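The model shown is predicted, which means the values in this text are computed figures rather than measured ones.
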Amino acid sequence: MEEKKSSCVSTCDFAGVRPIMMDLPYPPIQVSKKNQAYADLLSVDYCGSVSELSAITQYINNESRLSDSKCSMAKTLLGIAVAEMMHLQKLGQLIVLLGGKLDFVAKYRNGRQQMWTPEYLAIPENVGKMLLSDIEAERAAVNQYRMHIKMIEDPCVNAVLHRIIKDEEYHIMLLQALVKEL
């Protein structure tokens, strides 16, 4: 008896997807000295509403929803998500070195604390709106990193944040190119 192939098989092969980021080295992950205020600032970049955790989750969701209809675009979004995972990991290392703890709680300067929530995500159904939402999130991240660089007087931490910005700006360029393909 001949076995039928299921029509519920994904046609998009994600084997070999690599992080999409600038081909530049990262500075060493180190800090000048412990500083809880800096760790708190980075906690917002780590898991706040505009954060690497939000970016990863949004990209993975978008990639999953596009994988059957727009495989090439889905692979690009997954590659960006993997780069965001690397940013999350580097921020986590910095937070710990600064004396903070990784608990998925963003600690804001006004004393407010907020645990990460999927309510931070934008999940539009339309592909064009999805990409525009991703671009908006990347721009917000760049602006937030720049603001934090102005507040942090640790050249070691700021070097890492400057390097992350380069990836985020590259992601904006790639996402804008995807919008033009639609």
Side-chain angles (χ1 to χ4, degrees), residues 14 17-65 76-123 133-172 174-175:
F14 291 99
V17 171
R18 300 178 51 82
I20 295 178
M21 53 201 313
M22 295 294 292
D23 188 18
L24 299 167
Y26 269 85
I29 305 301
Q30 59 190 21
V31 300
S32 298
K33 62 181 179 180
K34 289 186 183 264
N35 186 313
Q36 186 63 51
Y38 295 168
D40 290 349
L41 279 175
L42 294 184
S43 76
V44 175
D45 299 319
Y46 187 84
C47 64
S49 60
V50 174
S51 69
E52 297 299 337
L53 185 58
S54 293
I56 293 163
T57 309
Q58 186 162 308
Y59 281 121
I60 293 294
N61 182 277
N62 292 346
E63 166 269 311
S64 296
R65 293 185 299 136
T76 299
L77 295 181
L78 181 60
I80 293 172
V82 175
E84 306 293 2
M85 289 176 201
M86 294 173 74
H87 299 163
L88 185 77
Q89 188 269 339
K90 290 174 187 324
L91 290 172
Q93 286 181 297
L94 288 172
I95 290 167
V96 169
L97 290 172
L98 287 165
K101 63 181 182 172
L102 300 176
D103 53 9
F104 297 104
V105 174
K107 295 149 188 87
Y108 295 92
R109 291 183 62 207
N110 63 5
R112 184 174 68 92
Q113 295 190 9
Q114 175 70 43
M115 179 169 268
W116 186 87
T117 173
E119 293 174 7
Y120 292 152
L121 307 179
I123 308 178
S133 179
D134 290 342
I135 291 168
E136 184 181 314
E138 292 283 1
R139 285 182 177 148
V142 168
N143 290 337
Q144 183 169 283
Y145 280 126
R146 286 186 177 138
M147 181 179 66
H148 288 172
I149 287 168
K150 289 177 184 175
M151 299 165 75
I152 294 173
E153 296 177 7
D154 184 323
C156 300
V157 173
N158 284 341
V160 175
L161 299 183
H162 279 292
R163 176 59 187 82
I164 290 173
I165 288 172
K166 290 183 185 311
D167 287 340
E168 306 300 17
E169 290 173 334
Y170 184 55
H171 296 162
I172 292 168
L174 290 172
L175 292 165

Inset, instruction - Using the test salt bridge (charged side-chain N to carboxylate O under 4.0 Å, His left out), find all partners of D167 that sit at least two apart in sequence or belong to another chain. - result: R163
Legend entry - Pairwise distance CD(Q114) to OG(S49) - rounded to 0.5 angstrom: 8.5 Å
Legend entry - Results of side-chain hydrogen bond (donor to acceptor under 3.5 Å, both in side chains) for Q89 - residues two or more places apart only: Q93
Legend entry - Student check: side-chain heavy atoms of M86 and Y26 closer than 4.5 Å: no
Inset, instruction - Find the distance between CD (E168) and CD1 (I80) and round it off to the nearest 0.5 Å. - result: 9.5 Å
Legend entry - Minimum side-chain heavy-atom gap L78-Y59 below 4.5 Å: no
Inset, instruction - Search all heavy atoms of S51 against all heavy atoms of V44 and return the closest pair with its distance. - result: CB-O, 3.4 Å
Inset, instruction - For N158, check side-chain hydrogen bond (donor to acceptor under 3.5 Å, both in side chains) against everything at least two apart and list the hits. - result: none
Legend entry - Partners passing side-chain contact (heavy atoms from CB on, under 4.5 Å) against V50 (at least two apart in sequence or in another chain): A140, A141, Q144
Just distance, no hydrogens or angles: give the donor-acceptor pairs under 3.5 Å from side chains in residues 100-112, sequence neighbours left out.
from, atom 1, to, atom 2, distance (Å)
D103, OD1, V105, N, 3.1
D103, OD1, K107, NZ, 2.9
D103, OD2, K107, NZ, 3.4
K107, NZ, V105, O, 2.9
N110, OD1, R112, N, 2.9

Inset, instruction - Would you please name every residue forming a salt bridge (charged side-chain N to carboxylate O under 4.0 Å, His left out) with E169, sequence neighbours left out? - result: R146
Legend entry - Heavy-atom side-chain contact between I60 and M85 under 4.5 Å: yes
Inset, instruction - Report yes or no: does H171 contribute a side-chain atom to a donor-acceptor pair with the main-chain N or O of I20 at less than 3.5 Å? - result: yes
Can I get a per-line list of side-chain donor-acceptor pairs under 3.5 Å for residues 116-123, giving both atom names and the distance, sequence neighbours left out?
from, atom 1, to, atom 2, distance (Å)
W116, NE1, S54, OG, 2.8
T117, OG1, E119, N, 3.2

Legend entry - Inter-residue atom distance N62.CG - D134.CG, 0.5 Å rounding: 4.5 Å
Legend entry - Polar side chain donor-acceptor pair, Q36 to D40, under 3.5 angstrom: yes
Legend entry - By side-chain hydrogen bond (donor to acceptor under 3.5 Å, both in side chains) - contacts of E136 (at least two apart): none
Legend entry - I164 and D45, any side-chain heavy atoms less than 4.5 Å apart: no
Legend entry - Nearest-0.5 Å distance that lies between atom OG in S32 and atom CD1 in I152: 11.0 Å
Legend entry - Over all atoms of both residues, closest heavy-atom pair of L94 and V31: CD2-CG1, 4.0 Å
Legend entry - From S64 atom OG to L77 atom CG, the distance as rounded to the nearest 0.5 Å: 10.0 Å
Legend entry - E153 backbone acceptor or donor facing Y38 side chain under 3.5 Å: yes
Inset, instruction - Output all residues satisfying side-chain contact (heavy atoms from CB on, under 4.5 Å) with Q30, sequence neighbours left out; order by chain, then residue number. - result: P28, C156
Legend entry - Distance, nearest 0.5 Å, that separates CG of L41 from CG of D154: 12.0 Å
Legend entry - Summary of salt bridge (charged side-chain N to carboxylate O under 4.0 Å, His left out) pairs that have at least one residue in residues 83-97, sequence neighbours excluded: none
Inset, instruction - Answer yes or no: is there a side-chain heavy-atom contact under 4.5 Å between V157 and N35? - result: no
Inset, instruction - Just do the side-chain contact (heavy atoms from CB on, under 4.5 Å) check on T76 and V17 with the steps written out, would you? - result: CA-CA 8 Å; T76 299; V17 171; over 6 Å; no
Legend entry - With sequence neighbours excluded, residues passing salt bridge (charged side-chain N to carboxylate O under 4.0 Å, His left out) with R139: none
Legend entry - Contacts of type side-chain hydrogen bond (donor to acceptor under 3.5 Å, both in side chains), residue Y145, not counting sequence neighbours: E52
